[in-house]
Amino acid sequence: MLKIENLHANVGDKEILKGISLTVNAGEVHAIMGPNGSGKSTLAQVIAGHPGYEVTSGSVIYEGADLLALQPEERAQHGIFLAFQYPVEIPGVTNAYFLRSAYNEIRKARGEEEVDPMDFLDLMEQKIKLVEMDEAMLHRSVNAGFSGGEKKRNEILQMAVLAPKLAILDETDSGLDIDALRIVAHGVNQLKRPDNATIVVTHYQRLLNYIVPDFVHVLAAGRIVKSGGKELALELEAKGYDWITEAA
Amino acid sequence: MSTYADAFAAGPNAAWLPELRKSAFDRFTALGFPTTRNEDWHFTSVTKIAERVFKPVKAGKNTLSTHDVEQLAGGESDWHRLVFVNGKFEKSLSNFAELPAEVTVATLQETLKESPEFVAERLGKLASFDAHPFTALNTAFAQDGVVIHVPRGVVVDAPLQIVHICDEKAAGASVHPRLLVVAEALSQFTIVENYVAVGTPSYFVNAVAEVEVGNGAIVNHYKVQRESTEAFHVGTVQVTQGKDSVYHSFSFATGAALSRTNVYTRMLGEGAEAKLNGLYLMDGTQHADHQTFVEHIAPNCASRELYKGILDGTSHGVFNGKVYVDPQAQKTDGKQTNHALLLSEGSRVDTKPQLEIFADDVKCTHGATVGKLDQVGLFYMKSRGINAESARALLTYAFAAEVLETIELDALRVQLEAHVFEHFVRQSQE
């Protein structure tokens with residue numbers, strides 16, 4: 001589904017990603033771990049198409065096509081979803097309107113019929129149960145005045161409604177208490193299908209107790225320095241990052 | 001200037017308040033039109049108004065229907081309504097018979113006939129023309145207007161809408177509408193003023209409103225300026241507020257080639273609250289200037305101002321917010337905020353906050369931003385599959401919606417939200 005080869009990316013003149021290679025197949029869950037500043041979030045943002053990063057070399061092939069040639073909205077229309085580490089507040093636009101616009105633009109891009117507001121509301125009401133959010137949140141402005149936990153749940157709600165093929169969760173666990181973490185993880189697990197894939201970017205092993213990865217990759221200083229199975233995450237939890245980053 | 005002297009000499013109804021008119025005209029002659037050397041007009045040149053010779057409106061029969069008025073101005077069926085077409089009161093288009101019996105609403109001409117002393121005692125008392133040439137001009141030339149008197153304790157539920165329409169018959173002419181509002185102690189009242197046009201004639205509207213808000217009274221005052229884009233609009237609202245009174249103003253402006261909107265309030269009684277908000281959308285070569293002046297004279301008063309502007313094309317916006325805090329006005333709580341969003345390279349905004357604080361125990365803040373659309377917000381929307389154009393339109397709408405949300409009159413808020421939404425979002429989807 002996704003094949004990243006020798007990816008280098010900069011912010012301004014500073015190189016953040018220094019040759020990342022990673023293959024993600026349908027049905028898989030990959031965890032990307034690493035210390036702060038290792039480039040984890042940058043990798044997530046580059047896949048989603050954030051304009052603040054410049055890819056200097058390497059390639060990202062998604063479903064057989066060059067992902068880097070696509071605009072962020074085209075990537076989303078092709079099934080890529082990034083759950084933001086810091087979801088953006090948009091006062092003045094309701095959650096319901098925002099999501100319906102996104103949903104319909106994605107459908108339009110795929111040559112499907114747009115859904116009318118009433119039918120869409122039914123869909124939302126069904127999906128919102130997954131993240132245990134109050135329906136009133138649908139009619140509030142996107143993330144405006146939401147608590148940290150509400151914002152993260154709102155990201156998972158968007159993911160549930162847009163049903164991506166490749167979901168990237170960027171530190172979705174940061175700032176969550178254990179109950180919110182469980183709800184978010186439950187939502188992600190419910191959305192898992194044999195034909196989609198998930199990349200979980202996290203600093204801590206805690207989330208991986210709930211979302212069990214097939215592969216764990218450790219990122220340090222812009223490179224993947226170690227890959228392994230889910231037991232690698234436990235090892236990191238016990239020993240910290242230093243033994244790997246120093247060895248690398 | 002001499003054209004104004006001729007017009008004044010030939011004034012058709014100079015019979016009423018001749019002394020006031022004469023002194024106003026003399027003052028106008030002495031002041032002349034303001035130039036950009038005048039600090040209050042630094043960013044706005046009125047040369048285009050000063051150089052034109054605006055004639056009185058040609059007499060003619062009104063051809064508009066109530067349906068036309070509703071299309072132009074909006075409003076609900078239970079609103080009380082007075083309609084002026086090209087400055088002339090149109091009785092057949094107006095309907096305010098359902099107002100509570102204690103409330104007096106009449107045209108200025110009628111009030112001058114029925115109770116001339118009521119007008120003589122008040123007109124020109126709040127809106128001083130000493131330093132305001134356009135107010136002087138209005139006082140000298142006003143043909144008609146509205147007088148509203150809400151007695152003590154009377155609460156009027158449905159708003160009173162005053163609609164000023166100009167059509168092709170106003171081309172080349174000037175209109176000077178006048179509004180006098182006396183809201184006695186503990187009364188509550190909502191006014192909606194609409195300035196609209198049929199087609200795109202070029203005319204000059206120079207409006208003055210005087211609003212007296214009594215002790216404990218609440219007045220909501222909405223002004224919707226959607227003049228012809230070829231027109232000129234200058235409007236001044238001068239308010240005085242008694243103890244514990246509340247005055248809320250909202251100015252919405254999308255029209256006129258050149259507009260200047262002044263909202264001035266003088267807080268004379270302790271514990272008064274003023275909220276002055278506004279939104280303007282400019283495009284092409286339009287110019288919109290908003291000036292507010294909040295005078296904290298009594299202690300313990302609060303003022304809140306939020307103005308937002310969205311500018312496209314080579315349009316130009318100006319916001320000048322003045323706050324004066326008298327030495328007696330301790331515990332003043334003032335906050336002024338002004339944000340402008342520039343959608344194009346050629347648009348520009350000048351912001352000038354002016355705080356003059358003479359009391360020592362006060363809280364006064366001001367903040368202003370001028371910027372482009374938030375790139376992070378745009379990326380967030382695009383990352384959800386929303387096209388770049390729609391994302392820009394939606395974020396622009398959201399910028400406006402934040403200030404529209406402060407409109408407490410639901411029907412008006414919904415109308416203006418729909419208007420702004422159509423303007424930015426529908427446009428992007430075509």
Side-chain angles (χ1 to χ4, degrees), chain A residues 44-53 70-95 97-110 114 140-145 151 154-155 157-159 161-164 167-168 170, chain B residues 252 277 279 281 306-310 337 339-341 343 369 371-407 410 413-414 416-430:
Chain A
Q45 305 255 29
V46 167
I47 296 172
H50 192 291
Y53 300 94
L70 300 179
Q71 293 297 315
E73 59 272 29
E74 294 171 317
R75 298 181 196 197
Q77 289 159 4
H78 283 92
I80 286 181
F81 180 90
L82 172 65
F84 278 49
Q85 182 179 2
Y86 304 109
V88 181
E89 296 191 10
I90 312 173
V93 177
T94 65
N95 244 338
Y97 184 85
F98 173 63
L99 256 183
R100 181 157 54 86
S101 301
Y103 187 75
N104 277 333
E105 290 221 33
I106 289 175
R107 287 183 69 92
K108 223 160 50 179
R110 292 177 185 163
E114 289 186 39
R140 282 176 50 187
S141 292
V142 180
N143 294 327
K151 284 180 182 172
N154 203 26
E155 294 291 287
L157 169 66
Q158 294 178 19
M159 178 177 154
V161 170
L162 302 179
I168 306 156
D170 186 6
Chain B
F252 179 82
N277 294 344
L279 173 68
L281 317 177
L306 173 63
Y307 271 77
K308 285 193 161 193
I310 301 174
T337 313
H339 298 299
L341 176 61
L343 298 179
T369 61
K372 295 179 179 174
L373 283 174
D374 171 33
Q375 292 302 312
V376 177
L378 278 179
F379 174 59
Y380 188 62
M381 291 193 153
K382 290 196 269 188
S383 79
R384 298 299 179 253
I386 297 175
N387 283 315
E389 274 291 285
S390 305
R392 268 194 287 274
L394 211 50
L395 270 191
T396 308
Y397 168 74
F399 177 85
E402 192 201 358
V403 61
L404 290 174
E405 274 171 12
T406 67
I407 296 178
D410 290 342
R413 189 187 61 247
V414 169
L416 294 181
E417 279 174 351
H419 177 79
V420 175
F421 189 80
E422 293 281 321
H423 187 85
F424 292 110
V425 179
R426 292 268 182 272
Q427 215 173 37
S428 76
Q429 289 170 354
E430 273 158 16

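Chain letters run A, B, ... following the sequence lines, proteins first and then strands; every chain starts at 1. Side chains are part of it too, since the values below use all heavy atoms of this structure and drop only hydrogens, waters and symmetry mates. Since we're looking at a predicted model, the values are computed, not measured.
- At a threshold of 4.5 Å between non-hydrogen side-chain atoms, the residues Arg384(B) and Ile106(A) do not count as touching.
- If you measure heavy-atom distances from Tyr397(B) to chain A, the contacts under 4.5 Å come from the side chain alone.
- Of all the heavy atoms in Val93(A) and Leu394(B), the pair that sits closest is CG2-O, 3.9 Å.
- Contact annotation for Ala388(B): both backbone and side-chain heavy atoms come within less than 4.5 Å of a heavy atom of chain A.
- For the set Glu405(B), Met381(B), Glu402(B), the count of heavy-atom pairs under 4.5 angstrom toward chain A peaks at Met381(B).
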side-chain contact (heavy atoms from CB on, under 4.5 Å) assessment of Gln77(A) paired with Asn387(B): CA-CA 10 Å; Gln77(A) 289 159 4; Asn387(B) 283 315; 3.4 Å; yes
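- Remark: the backbone N or O of Ile386(B) is not paired with any side-chain donor or acceptor of Glu73(A) at under 3.5 angstrom.
- Heavy atoms closer than 4.5 Å to chain B are found nowhere in Tyr86(A), neither backbone nor side chain.
- The line from CZ of Phe84(A) to CZ of Phe379(B) is 4.5 Å long, rounded to the nearest 0.5 Å.
- When the candidates Ile90(A), Asn104(A), Leu99(A), Val142(A) are compared by the number of heavy-atom contacts under 4.5 Å with chain B, Ile90(A) comes out ahead.
- Ile80(A) touches chain B through its backbone: at least one of N, CA, C or O sits under 4.5 Å from a heavy atom, while the side chain does not.
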Audit row: Phe421(B), Tyr97(A), side-chain contact (heavy atoms from CB on, under 4.5 Å) steps and yes/no: CA-CA 12 Å; Phe421(B) 189 80; Tyr97(A) 184 85; 3.0 Å; yes
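- Atom NE2 of His50(A) has more than 12 heavy atoms from other residues, nucleotides or ligands within 6.0 Å.
- Heavy atoms closer than 4.5 Å to chain A are found nowhere in Leu404(B), neither backbone nor side chain.
- One finds the CD atom of Glu89(A) at 10.0 Å from the OH atom of Tyr380(B) (value rounded to the nearest 0.5 Å).
- Gly385(B) approaches Ala76(A) most closely through the heavy-atom pair N-CB, 3.2 Å.
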